[in-house]
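Everything below concerns the one structure shown next.
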Amino acid sequence: MAKNKPVLPASPETIDTAMKIAKANQKLNQTKEQTKLIALGIQKGIAEYKKQQKGKVRELNRLKKKITHQHSALHGSLHGSLHSPETESLADDTIQGKTQWLPWTLLILSWLLMALFIFSGNRLN
């Protein structure tokens, strides 16, 4: 059996947007009732679009959760008993230590190049 969900009323922003669109596309001899019917159709279209987007977001969240679960399961199986908070912080410190050489190297290199430029400029004068 299919569940019949109650239809929620459209938000005021949706109603306002639908009416603006309907009035913007209004034909010359179109009545107010026809414009309201067109606005109602636009509201339904907006509601259907929002419903589809929510479904897509839900599906992406499911996939993301599945991937993170698989990643944590794989990560846990690789490390076995070594997987503990202490070893994780040690691994983080090791990774951070390996990446700290780049800024210092660039700093020293820039100072050396600046000194070379200054001393070579003095010789030319």
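Keep in mind the model is a prediction, meaning the values are calculated, not measured.
Connection of Leu107 to Ile118 is established within a shared hydrophobic cluster, with ILVMFWY side chains joined at heavy-atom distances below 4.5 Å, either directly or through further cluster members. The cluster map of Ile, Leu, Val, Met, Phe, Trp and Tyr, joined by side-chain heavy atoms under 4.5 Å apart, puts Trp104 and Met114 in the same cluster. Taking hydrophobic clusters as Ile, Leu, Val, Met, Phe, Trp and Tyr residues chained together by side-chain heavy-atom distances below 4.5 Å, Ile46 shares a cluster with Ile38.
Note that the OG1 atom of Thr35 and the CE atom of Met19 stand 7.5 Å from one another [nearest 0.5 Å]. Atom CG of Leu37 is separated from atom OG1 of Thr31 by 8.0 Å, given to the nearest 0.5 angstrom. The OG1 atom of Thr68 sits 9.0 Å away from atom NE2 of His71, with the distance rounded to the nearest 0.5 Å. Note that CG of Leu40 and CD1 of Ile15 are 9.5 Å apart. Values are rounded to the nearest 0.5 Å. Taken to the nearest 0.5 Å, the CD atom of Gln26 stands 5.0 Å off from the CD atom of Gln30. For the atom pair NZ (Lys51) and NZ (Lys44), the distance works out to 12.5 Å, reported to the nearest 0.5 Å.
Asp16 contributes no side-chain N or O that, together with a main-chain N or O of Pro12, makes up a donor-acceptor pair within less than 3.5 Å.
Here Glu59 pairs with Arg62 in a salt bridge; the nearest charged N to carboxylate O distance falls below 4.0 Å.
Closest non-hydrogen pair, Ala39 versus Ala18, comes out as O-CB, 3.4 Å. Between Lys50 and Thr14, the shortest heavy-atom distance links the atoms NZ-OG1, 3.1 Å.
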